[in-house]
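A, B, ... follow the sequence lines: proteins, then strands. Residue 1 opens every chain. Side chains included, hydrogens not; waters and symmetry mates left out as well; all remaining heavy atoms used.
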Amino acid sequence: MEKILEVLSEIRPDVDFEKEEELIDGGILDSFDIIQVVMGLNEAFDVEIDVEDLEPENFNSVGAMLDLIKKLQEE
Amino acid sequence: MLLIESLQQYKQITARAKQLPDVLTNCYLLPSKVEALTRQGRLYAVEKENLTLLLERAKGFFRVYYYLSPLCSYEPLMLELPAVIEFVFNGALSKRQRREIQLLEDLGFSLGRESARMSLEAGAAQRRFESGETSVAKAEEADMILGLLCRYFNPLYAFIPEKEELLDAIEQGAVFVVRQVSRPEAILFAESVRSTATIRQLLVSEKARSRGYAKNLVETYHEKYREKVRSFFHWVDVNNSPAVRLYQSFGYSFDGRKANEYVLQKKEI
């Protein structure tokens, strides 16, 4: 969780990621941010986030991103 | 160049593109964005043996998303419109990023603009200057505002709004102007989402410069959003020293996030 927060905070230090539950649906992260989030998470966790994973529910909160990363690491 | 007509087709193309050895990509479009672009007929693909490009057609240029391989060699591309790639990074470029940029340069892209992000905590955005004669833009000024934006900003970098988007922003009171002889001659186009506000564009026409209008506009922008957001941020051309100095006078500082825009000029096919 800490590592995800570190990645996200570098991209958008202005956002309180621990609180937010609608990062995509709420328009807090735009498409430009998403590219950076995905690239950052891919690098930090040595995973490959696929087109199929690019659904808002996987990125709306830190918890959702953590679940996604765990799923990818198990594959 | 192939027009992509559905999300399914996009997924098929990207699935093929990922097969490149050691693939490098910046293509992470949300399905909702892909669906919107395909509905509007604005998403294209260029598929070659050693690369795939997804081209988002904007007004007069393409925004490019790529799949490349560091194990392949490339020659300059030819596209029917100028093209831009945004390359965002923190601090310094990594070895992988430098290799990626080299490949883009082999394709004919060159560095167009270096931007960096500046930010300011809302609590620190205390009143420093006067708001002067700033006021909120009116809907009937939209065409004049767009005319100024197109004259002073390069559309490849500036995310110049469509008229509808500008009218929405005017309606929300997010566009501020200073008028001379009833015409906007200085403009600040702001945007706010939840806990942040950002300046999309700030310009002062040549004939209206040296009167403090830019400071007036930024002060007005802070006044409007200071109590509503946690922070302010925006991207600035690092070589635009007057702009950098202006924002620094309000307490903004660089937060380490950078973005280079690489441009491919139009070539006759």
Side chain, backbone, both or neither: which part of A:Ile49 has a non-hydrogen atom closer than 4.5 Å to chain B? backbone
Where along residues 20-34 of chain B does a heavy atom come under 4.5 Å of chain A, listed by residue number? B:Thr25, B:Asn26, B:Tyr28, B:Leu29, B:Leu30, B:Pro31, B:Lys33
What distance separates A:Leu72 CG from A:Asp50 CG, expressed to the nearest 0.5 Å? 8.5 Å
Going by salt bridge (charged side-chain N to carboxylate O under 4.0 Å, His left out), name the residues that satisfy it together with B:Glu5, two or more places apart in sequence or in a different chain. none
Using a strict threshold of under 4.0 Å (side-chain N to carboxylate O), is an ion pair present between A:Lys70 and A:Glu75? no
Can you check whether B:Tyr247 and B:Tyr252 have ring centres sitting under 6.0 Å from each other? yes
Salt bridge (charged side-chain N to carboxylate O under 4.0 Å, His left out) pairs touching residues 83-92 of chain B, sequence neighbours excluded, are B:Arg63-B:Glu86
So is A:Lys3 actually on top of A:Phe45's ring, under 6.0 Å and inside 45° of the axis? yes
Between A:Asn42 and chain B, with a heavy-atom cut-off of 4.5 Å, which part of the residue counts as in contact: side chain, backbone, both or neither? side chain
Spacing of CG belonging to B:Asn260 relative to CG belonging to B:Leu93, to within rounding of 0.5 Å: 6.5 Å
Should the ring pair B:Tyr221 and B:Tyr225 be called parallel, tilted or perpendicular, given that the plane angle runs from 0 to 90° and is split at 30 and 60? perpendicular
Do B:Arg257 and A:Gln36 have side-chain heavy atoms sitting under 4.5 Å apart? yes
Does B:Arg113 come within less than 4.0 Å of B:Asp237, counting only side-chain N to carboxylate O? no
Chain B contacts: which residues in residues 54-62 of chain A have a non-hydrogen atom closer than 4.5 Å to it? A:Leu54, A:Glu55
Scored by heavy-atom pairs under 4.5 Å with chain B, the best of A:Asp53, A:Val37, A:Ile28 is A:Ile28
Cationic tip of B:Arg117 above B:Phe233 ring, under 6.0 Å, 45° of axis: yes
Checking heavy atoms, do the side chain of B:Thr14, its backbone, both or neither come under 4.5 Å from chain A? side chain
Should B:Lys11 and A:Glu52 count as an ion pair when the cut-off is N to O under 4.0 Å? yes
For B:Phe232, is it the side chain, the backbone, both or neither that has a heavy atom under 4.5 Å from a heavy atom of chain A? neither
